[in-house]
Amino acid sequence: MNRIDRLNALLIHLQGKPRVPLSELEERFEVGRRTVFRDIRSLIDAGVPIGGDAGEGYFIVDGYHLPPVVFNKEEASAILLGAKFIERSADSQTIGAFEKAMYKIKAVLKYSDKEYLDNLEDRIAIRPNLRPTQNPDSHIAEIQMAIATNRIISMSYYSHYNDSTTQREVEPLGMVFYSNRWHLIAFCQLRQDLRDFRTDRIQKVQIQKVEFDPSKHPNYLDFLNEALVGTDAKETTIICSAMVSRFMGEQKYYQGFVEEKKLTDGRFEMKFVPPYYDYFARWLMMFGKEVEIISPSELQGIAATLAKELLEHHSAPFLSKT
């Protein structure tokens with residue numbers, strides 16, 4: 001990146017946050033702090049009101065406005081891909097807000113880039129699922145607002161486990177997309193602990209005026225990783241054929257996949273850290289004799305028991321006829 005491009009990118013970066021640490025600028029532009037100091041001084045000399053220092057970070061003084069940002073076709077194409085995913089993974093309110101944003105993005109494109117994006121838009125698609133991944137009214141926009149402003153949420157939540165709806169007061173810590181759903185990780189005042197709430201099961205939401213301090217709670221991603229993987233999870237090793245390795249595809253990442261290596265006979269040795277052995281064993285059984293469990297012995301035992309039960313179940317009608 002030449003200096004002119006870097007100065008422009010630095011200005012845009014400063015616009016994007018209320019305050020930007022010096023270390024973040026060094027990492028983003030892969031330059032030393034002296035170079036950052038010189039670039040900031042150049043922007044100040046050009047009339048950009050930049051405040052702050054190396055210790056607290058830098059910011060653009062409130063009230064300063066730049067001309068509208070212009071996207072090139074590569075940037076607009078990347079945003080288009082994001083829009084396709086949002087169409088399939090967000091609720092109706094979020095989708096509507098993003099559609100409005102896309103109109104604004106298209107409005108600042110050059111004519112040739114607008115034509116480029118129009119030609120691309122109808123020829124990029126995300127294959128629809130057989131069932132929707134989100135409830136049309138999953139309250140994602142309200143949840144985002146509560147997270148950003150550290151406000152307590154009052155919500156009605158449907159629990160599929162016991163088929164009941166309860167009123168919850170929660171402190172929203174973050175949102176995560178996994179297993180084809182958006183999840184809210186929050187401190188539940190009813191349970192006095194962190195909980196994982198599927199947003200498509202939230203029926204009503206009201207953002208309260210009461211604020212909370214998120215620093216009093218554990219990191220929401222650490223909580224989620226512990227919940228998904230489990231504190232007592234152990235590494236398992238399997239060997240599978242090359243065909244099964246290809247067939248597993250992205251499924252293996254949902255099972256705690258860690259690494260794999262190709263053996264001299266063409267098979268693959270894979271390591272996993274599955275959260276639940278029973279579920280993992282059932283998943284492996286779909287691949288039949290193409291998979292061999294190497295360790296631990298506990299998982300081997302579970303798989304053997306499941307195989308025996310399956311054999312007895314399917315053999316019983318046959319034996320009764322003979």
Side-chain angles (χ1 to χ4, degrees), residues 1-72 74-76 78-79 82 94 97-98 101 104-105 108 140-153 170-178 182-187 189 193-194 196 207-227 229:
M1 182 182 294
N2 61 48
R3 189 162 188 264
I4 298 299
D5 290 339
R6 189 174 68 245
L7 287 173
N8 183 57
L10 175 61
L11 185 54
I12 292 174
H13 195 113
L14 290 172
Q15 288 183 93
K17 291 186 176 182
R19 189 179 291 266
V20 182
L22 174 62
S23 58
E24 184 175 318
L25 297 175
E26 291 178 294
E27 182 178 352
R28 160 78 192 279
F29 299 106
E30 299 180 347
V31 295
R33 60 175 51 200
R34 289 186 178 181
T35 301
V36 175
F37 292 154
R38 285 197 299 267
D39 288 349
I40 289 176
R41 172 52 58 187
S42 296
L43 291 174
I44 293 174
D45 292 341
V48 180
I50 297 176
D53 54 44
E56 297 294 328
Y58 295 96
F59 61 91
I60 294 180
V61 175
D62 190 30
Y64 177 77
H65 297 287
L66 291 171
V69 174
V70 177
F71 298 93
N72 60 35
E74 289 81 10
E75 293 166 338
I79 295 173
T94 304
F98 199 88
K104 294 179 181 179
I105 291 170
V108 299
I140 291 176
E142 293 104 311
I143 293 170
Q144 286 179 312
M145 183 179 298
I147 291 173
T149 57
N150 298 324
R151 299 292 181 89
I152 292 177
I153 290 177
V170 303
E171 300 174 17
L173 302 176
M175 284 177 59
V176 183
F177 188 81
Y178 74 90
W182 279 107
H183 295 246
L184 166 64
I185 310 301
F187 179 81
Q189 295 182 352
D193 201 358
L194 267 63
D196 179 346
I207 302 176
Q208 299 184 5
K209 295 181 179 180
V210 182
E211 296 186 17
F212 69 95
D213 183 2
S215 66
K216 292 183 179 180
H217 302 297
N219 181 278
Y220 73 98
L221 288 177
D222 292 340
F223 162 79
L224 181 65
N225 291 335
E226 183 176 311
V229 176

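The structure displayed is predicted, hence computed values, not measured ones.
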Seminar exercise, completed: Applied to residues 37-50, the side chain to side chain donor-acceptor pair (under 3.5 Å) test, sequence neighbours excluded, yields R3-D39, R3-S42, R6-D39, T35-R38
Exercise. Looking at CG of L7 and CD1 of I12, how far apart are the two atoms once the value is rounded to the nearest 0.5 Å?
Worked result: 11.5 Å
Problem set entry | For F37, all residues meeting side chain to side chain contact (heavy atoms under 4.5 Å, CB included), sequence neighbours excluded | L22, R33, A54, Y58
For this session: Applying side chain to side chain contact (heavy atoms under 4.5 Å, CB included), run through I185 and L221 and close with a yes or a no.
Result: CA-CA 8 Å; I185 310 301; L221 288 177; over 6 Å; no
Problem set entry | Worked check of side chain to side chain contact (heavy atoms under 4.5 Å, CB included) between I147 and M175 | CA-CA 9 Å; I147 291 173; M175 284 177 59; 3.6 Å; yes
Exercise. Taking it one step at a time, do I143 and W182 satisfy side chain to side chain contact (heavy atoms under 4.5 Å, CB included)?
Worked result: CA-CA 11 Å; I143 293 170; W182 279 107; over 6 Å; no
For this session: Just do the side chain to side chain contact (heavy atoms under 4.5 Å, CB included) check on I152 and Q189 with the steps written out, would you?
Result: CA-CA 10 Å; I152 292 177; Q189 295 182 352; 3.5 Å; yes
Exercise. Of all residues at least two apart in sequence or in a different chain, which pass the ring pair (Phe, Tyr, Trp, His ring centres under 6.0 Å) check with F29?
Worked result: none
Exercise. Counting only heavy atoms not in D193, do more than 12 sit closer than 6.0 Å to its CG atom?
Worked result: yes
For this session: Give every residue pair that meets the salt bridge (charged side-chain N to carboxylate O under 4.0 Å, His left out) criterion with at least one member in residues 209-219, sequence neighbours excluded.
Result: R151-E211
Exercise. When rounded to the nearest 0.5 angstrom, what is the spacing between CG in D196 and CG in L184?
Worked result: 8.0 Å
Exercise. If you look only at pairs with a residue in residues 16-25, which of them pass as a salt bridge (charged side-chain N to carboxylate O under 4.0 Å, His left out), with sequence neighbours excluded?
Worked result: K17-E24
Seminar exercise, completed: N2 meets the side-chain hydrogen bond (donor to acceptor under 3.5 Å, both in side chains) criterion, sequence neighbours left out, with D5
